[in-house]
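We use all heavy atoms of the structure for the numbers below, so side chains are in, but hydrogens, waters and symmetry mates are not. Per chain, numbering begins at 1; letters A, B, ... match sequence-line order.
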There are 2 protein chains.
Amino acid sequence: MGEGRRPPGGKPVSITAVAERAGVGLGSVSRVLTGKGSVSPEMLRRVREAAESLGYQPNLLARGLRSRATNTIGFVISDITNPLLAAIVGGAEAVLSEAGYSVLLTNSGGRPEVDAQRIGLLLRRQVDGLIVLPASEGDPGTIAALAGAGVPVVAIDRELPGVPEASVVLSDHYTGILAATRHLFETGHRRVALVAGPDMRPARERLRAYSDAHARAGVPPFGFTFGPLSPARGAEAVGELLRAAEPPTAIILGGNQLLEGAIEAAQGSGVAIGRDLALVCCDDIPLGRLHRPPIPTVMRDTDGMGRSAARAFLARIAGETPPAEVMATWFDSRADQDRVGAGSG
Amino acid sequence: MGEGRRPPGGKPVSITAVAERAGVGLGSVSRVLTGKGSVSPEMLRRVREAAESLGYQPNLLARGLRSRATNTIGFVISDITNPLLAAIVGGAEAVLSEAGYSVLLTNSGGRPEVDAQRIGLLLRRQVDGLIVLPASEGDPGTIAALAGAGVPVVAIDRELPGVPEASVVLSDHYTGILAATRHLFETGHRRVALVAGPDMRPARERLRAYSDAHARAGVPPFGFTFGPLSPARGAEAVGELLRAAEPPTAIILGGNQLLEGAIEAAQGSGVAIGRDLALVCCDDIPLGRLHRPPIPTVMRDTDGMGRSAARAFLARIAGETPPAEVMATWFDSRADQDRVGAGSG
DNA sequence: GCGCTAGCTGGAAACGTTTCCAAAACGCGC
DNA sequence: GCGCGTTTTGGAAACGTTTCCAGCTAGCGC
């Protein structure tokens with residue numbers, strides 16, 4: 001009966017209205033509704049009944065204002081249209097909503113200044129904490145906003161100088177790329193290029209692995225580039241590499257968004273991926289998995305990263321200071337999928 | 001100098017502190033900061049200066065509580081990992097943030113009961129309106145929550161019986177599928193199947209177009225199925241169709257998530273897409289665009305849909321009642337891309 | 001110089017909640 | 001029946017803002 005609804009024309013039902021209806025004091029209603037403090041069974045019954053019959057819904061603004069806790073966490077993400085980042089958000093949300101937190105998600109579209117602005121907005125909204133995967137590691141506005149946050153901050157896959165109090169959840173990009181590069185050497189490649197993302201931790205770790213693998217194998221590195229993680233950049237970089245006098249025989253792509261452009265460029269050049277050119281991608285996406293032959297990939301558990309970030313936040317709220325967490329990546333040459341693709345139906 | 005930061009150890013800076021510092025009254029500070037009411041140039045200067053030097057940041061909870069407007073809109077989306085829906089969100093956010101609104105995004109993971117719960121949460125948070133793309137058209141909890149919202153509601157691609165006051169932005173799925181089906185007939189197909197999404201407006205419109213096209217061409221419909229929009233469902237449905245005694249020669253997929261599974265199933269059955277089996281997909285994704293041969297697709301402007309939904313909300317806020325908007329879809333056989341793919345590089 | 005108006009200004013009230021404190025009620029032992 | 005400690009209760013204060021209203025000031029016409 002009217003449950004959850006505010007009366008059609010009337011004003012929203014307040015705690016005062018519930019108190020009146022139940023014939024009790026404001027304090028008692030609050031105690032019943034929040035479950036804090038002790039109340040008699042009779043009181044419990046009367047207040048619950050009144051609240052239900054009026055369709056009372058607490059005003060979270062007022063609650064947050066008074067209690068200084070909104071049970072809300074701000075999630076700052078650089079590009080919501082990237083399914084990988086979306087998966088991280090999904091994992092975090094699962095853990096957080098179980099713990100009674102709701103998530104305020106903002107999307108900066110890859111512009112650092114928007115990141116900074118959104119962080120400010122979330123803080124003015126009194127979020128209890130922030131989980132950030134910003135577009136930049138060094139943007140002064142973003143750093144300043146995070147450093148002055150005054151609430152727990154968890155950064156995913158970013159090193160934020162100037163925000164030492166932030167907890168971090170990192171991917172071990174090194175191991176995955178090391179294995180991938182070695183695999184390329186083992187299958188005979190000697191001219192291996194790396195198209196990396198922007199100059200931030202993930203790209204630097206991948207570059208380090210790329211360099212180390214070359215050094216250990218005694219193969220001179222072909223070359224690498226930093227750049228934005230976009231299909232356009234993938235097309236541009238791979239196009240350039242293929243047009244070179246002596247093009248690479250293998251290209252490692254430091255991000256799933258590059259794959260789309262890379263395939264496009266290869267198709268445009270009449271180069272057959274997997275035969276004329278070996279491609280290695282980072283992060284599992286259908287485009288790579290379903291390509292024939294499948295595109296070998298450095299994998300990681302995105303859902304798990306989101307969950308870890310959420311748990312780090314919860315730990316921080318509980319007063320602990322969780323250590324930096326480094327999560328595994330692994331290389332999947334996808335040789336088995338090859339067989340499946342060629343198998344019987 | 002301390003801009004945007006709250007003092008390291010101290011309490012957050014309130015409007016009272018600014019008033020004190022500037023040596024003026026509270027009301028004046030509020031007038032300066034909100035820009036409402038008139039103030040002398042001297043007052044403007046003093047308050048601005050004080051606010052700046054203290055690094056004042058308004059508390060949006062308090063502001064919302066008192067003024068009953070949060071300049072915030074709730075966006076309820078069923079599956080954030082779908083890049084298409086993410087694009088709609090992106091388009092809406094662009095328009096809304098320009099108009100001074102910020103977006104609270106929630107993700108239900110496709111579960112209607114979560115949708116309903118999140119809508120309630122947003123309303124208790126006093127959002128000024130809702131834009132919804134829920135997992136279900138008929139879920140009683142969702143309907144009830146929306147019907148009692150008390151704020152403007154804009155629904156995207158959904159018909160919500162019981163929420164007559166909602167504005168709607170729809171896709172004209174009919175036209176696109178009609179053209180696609182005709183194209184299949186023209187290229188000689190006579191056994192065309194339709195794998196549709198859940199029984200909601202988009203799937204029903206597609207089915208109507210599919211049926212009409214068949215009726216007009218005098219071709220008996222091969223058959224259709226409703227079902228969830230997931231890769232798994234795509235694989236299952238296409239697998240079943242291919243195993244039939246007399247399988248279809250063409251399959252229309254009513255959603256991009258189905259394509260992944262469809263390709264997988266076809267590969268598993270040793271069926272060559274584009275030769276043994278024609279596939280038509282809905283909504284442009286890299287997986288279809290970069291497939292060789294490219295997979296013909298019913299396109300639409302997702303960014304534009306988000307923008308339209310945002311504009312409908314802004315109109316509602318301004319007191320207008322925008323009519324239902326129906327946005328175009330069009331069929332792209334992608335014949336030209338074929339040529340590009342085979343061209344010189 | 002006076003009265004009137006219009007623009008500014010200060011501060012109280014209000015928004016809906018939680019928190020705190022004092023008072024009331026209760027239970028229990030003797 | 002009384003005293004004491006404990007639980008339960010009601011309501012004032014507080015959270016940080018906007019809104020409202022009354023009062024002040026300055027300007028201006030006469």
Side-chain angles (χ1 to χ4, degrees), chain A residues 6-7 10-48 50-51 54-72 121 123-128 150, chain B residues 6-7 10-48 50-51 54-72 121 123-128 150:
Chain A
R6 57 196 68 186
K11 50 183 68 173
V13 188
S14 77
I15 208 174
T16 321
V18 176
E20 242 165 64
R21 170 80 162 238
V24 303
L26 276 75
S28 301
V29 177
S30 176
R31 276 185 291 269
V32 168
L33 264 25
T34 60
K36 293 176 182 174
S38 54
V39 290
S40 67
E42 165 66 2
M43 176 67 80
L44 198 78
R45 194 189 56 75
R46 287 178 67 178
V47 171
R48 288 232 175 110
L54 291 171
Y56 169 75
Q57 296 286 97
N59 180 321
L60 264 28
L61 259 36
R63 175 177 291 180
L65 176 60
R66 176 62 240 240
S67 69
R68 329 204 64 121
T70 52
N71 269 36
T72 297
L121 214 49
L123 291 174
R124 293 201 287 277
R125 227 176 270 284
Q126 307 272 92
V127 293
D128 296 342
Chain B
R6 56 197 69 184
K11 49 183 68 174
V13 188
S14 76
I15 208 174
T16 321
V18 176
E20 241 164 63
R21 172 78 162 240
V24 302
L26 277 75
S28 300
V29 177
S30 176
R31 277 185 290 269
V32 169
L33 264 26
T34 59
K36 293 176 183 175
S38 52
V39 289
S40 67
E42 165 65 4
M43 176 68 79
L44 197 79
R45 194 190 57 74
R46 287 178 68 178
V47 170
R48 287 234 174 109
L54 290 171
Y56 169 75
Q57 297 286 98
N59 181 320
L60 265 25
L61 260 36
R63 175 177 290 181
L65 176 61
R66 177 62 242 240
S67 70
R68 329 206 63 126
T70 53
N71 271 35
T72 297
L121 215 49
L123 291 174
R124 292 201 286 278
R125 206 158 257 145
Q126 306 271 91
V127 293
D128 296 342

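Side-chain N/O atoms of A:S30 include one lying less than 4.0 angstrom from OP1 or OP2 on C:dT18. For C:dG16, the OP1/OP2 oxygens have no side-chain nitrogen or oxygen of A:S14 closer than 4.0 Å. Put simply, A:S38 has no side-chain N or O that comes within less than 4.0 Å of OP1 or OP2 on D:dT7. For the pair B:S40 and C:dT9, the criterion of a side-chain N or O lying under 4.0 Å from OP1 or OP2 is met. Regarding contacts with the backbone of D:dT9, every side-chain N or O of A:S28 stays at 4.0 angstrom or more from both OP1 and OP2. Phosphate contact (OP1/OP2 of C:dT18, side-chain N/O of A:R63, threshold under 4.0 Å): present.
Taking every side-chain heavy atom of A:R68 into account, D:dC15 is the closest of C:dT17, D:dT17, D:dC15. Comparing C:dT18, C:dC15, D:dT18 by their nearest atom to the side chain of B:L65 picks out C:dC15. Residue B:M43 places its side chain closer to C:dG10 than to any other of C:dG10, D:dG10, C:dT17.
B:L33 has its CG atom 13 Å from the P atom of D:dT19, to the nearest Å. With rounding to whole Å, A:N59 atom CG is found 18 Å from C:dA14 atom P. In this entry the distance linking CD of B:Q126 with P of C:dT17 reads 9 Å, nearest Å. In this structure, the CD atom of B:E42 is 13 Å from the P atom of D:dA26, given to the nearest Å. In this structure, the CG atom of B:L26 is 18 Å from the P atom of D:dC21, given to the nearest Å. Atoms CG (A:L44) and C1' (D:dT8) sit 13 Å apart, rounded to a whole Å. Distance CZ (A:R46) to P (D:dT8): 16 Å, rounded to an integer number of Å. Rounding to whole angstrom units, CD1 of residue B:I15 and P of D:dC15 are separated by 14 Å.
Nearest approach of B:A62 to A:L65, heavy atoms of both residues: CB-CD1, 3.8 Å. B:P58 and B:R63 get closest at one heavy-atom pair: CB-NH2, 3.5 Å.
Interface remark: the B:R66 side chain does form a donor-acceptor pair with the D:dT18 base, using a distance-only criterion of under 3.5 Å. Between the side chain of A:R31 and the base of D:dG10, at least one donor-acceptor pair of N or O atoms lies under 3.5 Å.
Where B:G27 and A:L60 each meet DNA chain C at their nearest nucleotide, the meeting point lying more 5' is that of B:G27.
Exactly one of B:L33, B:I15, B:V39 qualifies for a side chain to side chain contact (heavy atoms under 4.5 Å, CB included) with B:V47. That residue is B:L33.
Using a 4.5 Å heavy-atom threshold, the side chains of A:V32 and A:M43 count as touching.
In the model, A:T72 has a side-chain atom that pairs as donor or acceptor with a side-chain atom of B:R125 under 3.5 Å.
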